[in-house]
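What follows is a single structure, written as structure tokens, with notes after it.
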2 protein chains.
Amino acid sequence: MNKTRQIKDLLYEQVARIGKAASSPKRLELIELLCQGEKTVEMLARAAAISMKLASAHLRELRGANLVETERRGKNIHYRLADKAVADFWVVIRSLAEDRLVELQLALQKIAAAPNDLVPSDRETLMKAARRGDVVVLDVRPVEEYLTTHLPFARSIPMDELRQRLAELPKDRPVVAYCRGPFCLMAKDAVDLLRKEGYSAAHLRDGVAEWGMI
Amino acid sequence: MNKTRQIKDLLYEQVARIGKAASSPKRLELIELLCQGEKTVEMLARAAAISMKLASAHLRELRGANLVETERRGKNIHYRLADKAVADFWVVIRSLAEDRLVELQLALQKIAAAPNDLVPSDRETLMKAARRGDVVVLDVRPVEEYLTTHLPFARSIPMDELRQRLAELPKDRPVVAYCRGPFCLMAKDAVDLLRKEGYSAAHLRDGVAEWGMI
DNA sequence: TTGTCAATCTAATGATTGTTAGATTGATTA
DNA sequence: TAATCAATCTAACAATCATTAGATTGACAA
């Protein structure tokens, strides 16, 4: 009697559909981008540095695994995560990779900004400081992503406007910049710029997906 | 300047190594088996109903992603999960698949045992009842797996000995059987047998991986 | 030493993928 | 209506993967 075996094969095959969706670097990057909010194919392709055709093919795979869903609005097709659980999955698989793969640890160490001791490192203390106004939490992602969701008390200055809008930031208090997450290098660039201009700045490793704010 | 792009490609590629490891049904089954404790290649191959050669090849992949580790003891090579985080990952990806894939939901509904209202369904209440002795928690996995780790207050009677050892179980209290997790059908078989023999029996969907007891 | 067992390594196969180009669809604009 | 744009579909190629068979290693037992 191998009926049990047939059922088991079927069950694991289904889970493997999710694994397959997560087995391509570009698909993972698309998932992370969609964690920041709804996007069109064109936006996704540009952000992931691939052709629209290839982005479309990868998104098709993600849709086949029911991880994303689409909605047509005029000429554009907007993609979004099918569920918050997908964002959580991205955080889990990324964390596991960080835990287990030395190559990833090394790569991340290289891009880590120098720490700033003036800024609290745990979430609760940071939020208390932000509430009191002792630190400025700065979201350097594109403004649409900020509008979809952002960390509490965060102020939006997209990275490519930061140089012109420096005056909006105070020099007497630390600025804590964040972006899309540990793989996004914008916050680090922001910190480098701010420090060069004489600001007290620090880099927040996590983004909205890690904070569970999808 | 596409140095940023190069770094990003590298980062996502590393995470994709984990996804790739999780993209094969048999590899996922091997991970779940290893969640129950250390096993030799032969044991894994038998349990997953594949040849030793194929099992070895899949285990090689898992080792390449640093998800499992090996130790030689005499003639045998023993495999185990490299970290508790791998077991947690298995639970997360399986849950996501259950959330998103209708096919999986349907397959699981078919194999779900009829509920037994006499048995509490949440963990805390169940454990209180088990502590008082109001229910018997029964582990029907092979005894080695029970010895590695088991739910609190659980008693071990492996599935293939259950018929002969029925007398060890009380008829005046409900028996709650569990096995390797939602994809393992042994607990359901145990419940079917127990009910036919006049016992009050229920099926616990989760196993030690779901309870975080690795 | 010789033989046996567990497991891996190597090489080969067929089947899936990632990726790209070209044709096509659906919605908008002129 | 024709032209344009966003995105998909189809078909094709090369690259990768699953699976199997045959040879090999490492440990043990006779």
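Per chain, numbering begins at 1; letters A, B, ... match sequence-line order.
Protein chain A touches strand DNA chain D; the 5'-most and 3'-most nucleotides with an atom under 4.0 angstrom of its non-hydrogen atoms are D:dC5 to D:dC9.
Mapping A:Lys20 and B:Tyr79 onto DNA chain C by nearest heavy atom places B:Tyr79 at the nucleotide closer to the 5' end. Residues B:Glu61 and B:Lys53 each lie close to DNA chain D; by heavy-atom proximity, the contact nearer the 5' end of the strand is made by B:Glu61.
Regarding A:Leu30, its CG atom lies at a distance of 11 Å from the P atom of C:dT19, rounded to whole Å. Between the C1' atom of C:dC5 and the CZ atom of B:Arg72 lies a distance of 10 Å, rounded to the nearest Å. When the P atom of C:dC5 is taken as reference, atom CD1 of B:Ile77 falls 17 Å away, rounded to whole Å. Atom CZ of A:Arg60 and atom P of C:dT25 are 16 Å apart (whole Å).
Shown here is A:Arg63, whose CZ atom has no more than 12 heavy atoms of other residues, nucleotides or ligands within 6.0 Å. At most 12 non-hydrogen atoms from other residues, nucleotides or ligands lie less than 6.0 angstrom from CD of A:Glu124.
Within 4.0 Å of A:Arg27, counting heavy atoms only, lie sugar-phosphate atoms of the nucleic acid but no base atom. Contact annotation for B:Thr40: backbone-only contact, meaning every heavy-atom pair under 4.0 Å involves sugar-phosphate atoms and none involves a base. Nucleic acid contact class of B:Lys26 (heavy atoms, under 4.0 Å, all strands): none.
The stretch residues 148-164 of chain A participates, sequence neighbours left out, in these salt bridge (Lys or Arg N to Asp or Glu O under 4.0 Å) pairs: A:Glu161-A:Arg165. Sorted by first and then second residue, the salt bridge (Lys or Arg N to Asp or Glu O under 4.0 Å) pairs with a member in residues 10-22 of chain A read A:Arg17-B:Glu103; sequence neighbours excluded.
Counting only distance, with no hydrogens or angles, the side chain of A:Asp139 and the backbone of A:Arg141 share a donor-acceptor pair below 3.5 Å. Side-chain atoms of B:Tyr199 come within 3.5 Å of backbone atoms of B:Leu166 as a donor-acceptor pair (strictly under, hydrogens ignored).
Proximity note for A:Lys75 (side chain, C-beta onward) versus C:dT4, C:dT28, C:dT19: the nearest is C:dT28.
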